[in-house]
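Report on one structure; see the data block that follows.
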Amino acid sequence: MTFNQPLGGNDMPRFAGPASMMRLPVQETSEGLDACFVGIPLDIGTSNRSGTRFGPRQIRAESCMLRPYNMGTGAAPFDSIQVADTGDVALNTFDLKDSVRLIEEHYDRILQYDCIPLGLGGDHTLTYPILRAMKKKHGPVALIHIDAHADINDEMFGEKIAHGTPFRRALEDGCLAADKVFQIGLRGTGYSPEDFNWSRRQGFTVIQAEECWHKSMTPVMADIRAKIGDHPVYITYDIDSLDPAFAPGTGTVEIGGLTIWQALEIIRGCRGLNVVGGDLVEVSPPYDTSGNTALIGANLLYEILCILPGVKYENL
């Protein structure tokens, strides 16, 4: 079998060529793919700074810097699984609830094939309809949720669906195996202890950012792997989990966050799990004109690709 390869920088200058994720081939459906990148240009679920609608395009643009082989881990995803960019979900930019419906239906079509979708966001509302689609195929999934915020509000401005509510809605809809939900990096100010304690009462494991300071995340991830076992697991990575020193281009920044090397340890620590999907959300390019936040997002999506089932590892 011939696997799709990213377009190399020695074949086409990195500032040219197709504007797809890692300059991979583009196809309309997920048929025949083991994994796909899919853009979800949503920001009408945000409560403060908008701009994440431009996230997928900027992540793709910055991904031209990535090469196919992972020098840190030995992962060779493009020598072992079939990957392509399947474009963007066609959202209704004037209606959040309709956009949620459209995302779920789009993922239903992706998941009719044995394809693992990796979403480029987009605000965190998008993970709710994705988890609804995941439930239809895999049942309630385990969740590794890396974020500054728990996103378990009951409502925001009287609305039940927004970027601060997805995991409460997903739990209510039976999409999550509560004892296998891990929220990592939560921090900042809040309205009451309930902002994090609601999660704990549902059976979620909450690992606040302060517990991560000056520490390797490798032991934490070993414990998480043991607790999840072979249960299907979804990874959702909010870029605001990182300290704004690393990733200022997001809508709701909080000081005291994770470092980039901790982010790598978390994702690489998911190797061996039955990962059935993932997303990288809340990249807001207008707030980082350097493009570095989107570049970090592209790298973390690539790292998620590298730990998917079926990816081969070469000797370093």
Side-chain angles (χ1 to χ4, degrees), residues 21 26-31 33 35-48 50-57 59-60 85-141 143 145 147 149-177 181 232 234-238 251-252 276-284 301:
M21 183 66 180
V26 176
Q27 66 180 61
E28 291 186 3
T29 75
S30 61
E31 185 175 6
L33 299 178
C36 70
F37 293 104
V38 53
I40 312 167
L42 182 74
D43 70 0
I44 54 175
T46 56
S47 56
N48 185 29
S50 60
T52 55
R53 68 180 62 187
F54 304 113
R57 182 171 292 181
I59 291 168
R60 287 184 173 111
D85 189 322
T86 58
D88 289 342
V89 179
L91 302 172
N92 180 347
T93 196
F94 301 111
D95 190 325
L96 179 59
K97 292 183 178 67
D98 191 42
S99 290
V100 165
R101 175 187 65 82
L102 291 166
I103 294 166
E104 182 176 348
E105 292 177 354
H106 191 99
Y107 267 71
D108 286 340
R109 292 190 292 273
I110 291 173
L111 294 173
Q112 69 180 309
Y113 305 105
D114 289 326
C115 178
I116 301 173
L118 300 179
L120 289 64
D123 77 59
H124 222 155
T125 312
L126 62 86
T127 307
Y128 169 49
I130 293 173
L131 291 173
R132 285 175 56 90
M134 288 287 165
K135 177 191 172 185
K136 298 173 199 173
K137 186 174 180 69
H138 301 290
V141 296
L143 182 73
H145 170 209
D147 202 327
H149 312 98
D151 292 349
I152 47 77
N153 294 337
D154 186 30
E155 58 183 39
M156 300 182 77
F157 294 96
E159 295 293 330
K160 293 287 190 178
I161 295 176
H163 75 156
T165 69
F167 303 109
R168 184 178 290 229
R169 297 289 90 81
L171 184 67
E172 290 172 348
D173 288 357
C175 302
L176 300 176
V181 174
Y234 189 87
I235 301 170
T236 181
Y237 200 104
D238 190 323
T252 313
V276 295
D279 60 53
L280 187 290
V281 300
E282 298 287 357
V283 171
S284 187
L301 281 161

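Predicted model only: the values in this text are computed from it and were never measured.
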How long is the span from the SG atom in C36 to the CG atom in L118, to the nearest 0.5 Å? 7.0 Å
Check each of V100, V281, L91 against L42 using the side-chain contact (heavy atoms from CB on, under 4.5 Å) test, and report the only one that passes. L91
Considering only heavy atoms from C-beta outward, does the side chain of F37 approach that of L280 to under 4.5 Å? no
Salt bridge check, D154 against K160: does any charged N sit closer than 4.0 Å to a carboxylate O? yes
Can you list the residues that meet the side-chain contact (heavy atoms from CB on, under 4.5 Å) rule with P232, with sequence neighbours excluded? H138, V141, N274, V276
Approximate separation, where rounding is to 0.5 Å, of L131 CG and D279 CG: 8.0 Å
Interatomic distance, R60 atom CZ to L301 atom CG [nearest 0.5 angstrom]: 10.0 Å
R109 and E28 ion-paired at < 4.0 Å: no
Which residue, D151, T165, T252, forms the side chain to side chain donor-acceptor pair (under 3.5 Å) with H124? D151
From OH (Y234) to CD1 (I130), nearest 0.5 Å: 3.5 Å
Is it the case that more than 12 heavy atoms not belonging to D114 sit under 6.0 Å from its CG atom? no
Using 30° and 60° as the class boundaries, would you call the ring planes of H145 and F167 parallel, tilted or perpendicular? tilted
Stepwise salt bridge (charged side-chain N to carboxylate O under 4.0 Å, His left out) test for E104 and K135: CA-CA 11 Å; E104 182 176 348; K135 177 191 172 185; over 6 Å; no
Sorted by chain and residue number, the side-chain contact (heavy atoms from CB on, under 4.5 Å) partners of R57 (sequence neighbours excluded) come out as none
Under the ring-ring contact (aromatic ring centres under 6.0 Å, His included) test, residues paired with H163 that sit two or more places apart: none
OG1 on T127 to CZ on R169, rounded to 0.5 Å: 14.5 Å
If I take atom CE from residue M134 and atom CG from residue L176, how far apart are they, to the nearest 0.5 angstrom? 12.0 Å
Heavy-atom distance under 4.5 Å between the side chains of L96 and E159, does that happen here? no
